[in-house]
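Here is the structure we will look at, set down as structure tokens.
Proteins come first, then strands; the chains are lettered A, B, ... in the order of their sequence lines, and each starts at number 1.
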Number of protein chains: 2
Amino acid sequence: MSITVLLVDDHPVVRSGLRAVLSAHPSLTIVGEAATGEEALSLAQHLTPAVVLCDLRLGDGIDGIETTKQLRALDDAPIVLMLTTFDRDAEVIGAIEAGAAGYLLKDAEPESIAEAIERAARGEIVLSPEHATRVLHGVRNPPPKLTEREIDVLALLATGATNREIAKALFVTEATVKSHLSHLFTKLQVDTRSKAVHEARARGFID
Amino acid sequence: MSITVLLVDDHPVVRSGLRAVLSAHPSLTIVGEAATGEEALSLAQHLTPAVVLCDLRLGDGIDGIETTKQLRALDDAPIVLMLTTFDRDAEVIGAIEAGAAGYLLKDAEPESIAEAIERAARGEIVLSPEHATRVLHGVRNPPPKLTEREIDVLALLATGATNREIAKALFVTEATVKSHLSHLFTKLQVDTRSKAVHEARARGFID
DNA sequence: TTTCATCTCAGCCAAAAGGTTGAGACGGTC
DNA sequence: GACCGTCTCAACCTTTTGGCTGAGATGAAA
């Protein structure tokens, strides 16, 4: 009995590569490909694959995390494995929270990708030791929840904006910006704007 | 007469994808694959491919730019096409300066990748209109040359370090750090450390 | 030799950033 | 109604940053 797999990646070349690599395994059958999250959801409903291999970044439209959430909410919910180029703490944790059964790096060997799919299909959680550690750590030290306004400030901060510029852009006073910044610093455990940007980047809050 | 192509990418999946996509074109013949720059140089000498399709980032070892330089210095120098996920000004210009005949984004359609190889093999320069514009712009506005010490400071700056921390790390006084920063600001045409980091990132000086 | 770039450092001053405390308004929740 | 989180703002103060000018040491290049 072959495991049915749906590939989701916005890069045609990567899809072809995965298809080439995985079709060498008789235990896997690729039943479809999607380039966007929307397409993935539509195809998953029609094809009811056992496993969806989904890129975290999907160009336009909904992202991999959101796609995963919606896939897992389907009636015949497939097992979802996230595939990505980089590994960021916040994203790994986000993927697991969204219902993904695992998180794979694209530079993995073809063998280990196939093996991961098989293990996931058997109901196992597939994480590298480092990822597993970080997910557990993330559960113990949950990432701080930033408010909408704080994220607004953070986004502008990352562009190098001064408090005055941020204030003007958000239609508030500098005092308000400083207040948000103070909270951000506390939540991110830093004491300068530059460190805040660095930390936020490391944690995956910004790109 | 088929165009011989050598694939260079550190991701096995991407190599398989390119092979699958390009082997559909009878005018192209893939004669080899390499996962590192060193391997690429060795194979290029033995296989003398007409075109080398080379990823810009190659994990460990020498990077795509350096690989390109060395490939172009060979006796039977192949035409080099850079393949990359992101497009950064400094990298596009760097690739062209290193002797690459073009710069392709990985999310390109398979058709356009094959077409680009054919055009490059005919001696054309393959750049998207936006890239061409930016390369020309880069020639008119050459990117500022940063000194070693300035890059040291920049690297620490990007981690959110204060002047005092940078000074301590580099075994100089804060005055010296401020001096380097002043020069950096002038060269990057910014006026705050945060903007400097943002600008340096945008220009590809740091990741 | 002279010139030039680089790296180093100093002092001065104004502007920006950061810490602290406190507080009003609003909406949702218990 | 009381409580809490969020967003908003203010005053006060210290530290950090950035602009400016100037300058000594070194080494490479013209």
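- Extent of DNA chain D lying under 4.0 Å from chain A heavy atoms, first and last nucleotide in 5' to 3' order, is D:dT6 to D:dA10.
- At the heavy-atom level, A:E148 lies under 4.0 Å from the strands shown only through sugar-phosphate atoms.
- Under the side-chain hydrogen bond (donor to acceptor under 3.5 Å, both in side chains) criterion, B:D63 pairs with no residue, sequence neighbours left out.
- A straight line from CG of A:L156 to P of C:dA17 spans 13 Å, rounded to a whole angstrom.
- Atom C1' of nucleotide C:dT6 and atom NZ of B:K145 are separated by 15 Å, given to the nearest angstrom.
- Listed by chain and number, the residues in a side-chain hydrogen bond (donor to acceptor under 3.5 Å, both in side chains) with B:D152 are B:R149 (sequence neighbours excluded).
- Without hydrogens or angle criteria, A:R193 side chain to A:A161 main chain gives a donor-acceptor distance under 3.5 Å.
- Taking the side chain to side chain contact (heavy atoms under 4.5 Å, CB included) definition, one finds that A:A200 meets it with A:L154, A:L188, A:F205, A:I206, sequence neighbours left out.
- Taking the screw axis at each terminus of the helix from C:dT1-D:dA30 to C:dC30-D:dG1 from five consecutive base pairs, the angle between the two is 30° to within rounding of 10 degrees.
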Which pairs of donor and acceptor atoms, one on a side chain in residues 39-55 of chain A, lie under 3.5 Å apart (sequence neighbours left out)?
| unit_1 | atom_1 | unit_2 | atom_2 | d |
| --- | --- | --- | --- | --- |
| A:E39 | OE1 | A:A35 | N | 3.3 |
| A:H46 | ND1 | A:S42 | O | 2.9 |
| A:D55 | OD2 | A:K106 | NZ | 3.3 |

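- For B:S2, the side chain to side chain contact (heavy atoms under 4.5 Å, CB included) criterion is met by B:T29, not counting sequence neighbours.
- No side-chain donor from either of B:T176 and B:S179 sits under 3.5 Å from a side-chain acceptor of the other.
- Partners of B:T84 according to the side-chain hydrogen bond (donor to acceptor under 3.5 Å, both in side chains) rule, which considers only residues two or more places apart in sequence or in another chain, do not exist here.
- Residues meeting the side chain to side chain contact (heavy atoms under 4.5 Å, CB included) test with B:V13, sequence neighbours left out: A:V14, A:L18, A:I113.
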| message | Strictly under 4.0 angstrom, non-hydrogen atoms only: write out the protein contact profile of nucleotides 18-30 of chain C, one letter per nucleotide from the 5' end, B, S or -. | response | BBB----------
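- Nucleotides of DNA chain D nearest to A:A175 and B:A161 differ in position, and the one nearer the 5' end is that of A:A175.
- The side chain of B:T173 places an N or O atom within less than 4.0 Å of a non-bridging phosphate oxygen (OP1 or OP2) of C:dC9.
- For the pair B:T176 and C:dC7, the criterion of a side-chain N or O lying under 4.0 Å from OP1 or OP2 is not met.
- Taking the side-chain hydrogen bond (donor to acceptor under 3.5 Å, both in side chains) definition, one finds that B:E118 meets it with B:S27, sequence neighbours left out.
- Residue pairs meeting the salt bridge (charged side-chain N to carboxylate O under 4.0 Å, His left out) criterion with at least one partner in residues 159-176 of chain A, sequence neighbours excluded, are A:R164-A:E174, A:E165-B:K195.
- A:H183 comes within 4.0 angstrom of nothing in the nucleic acid, heavy atoms only.
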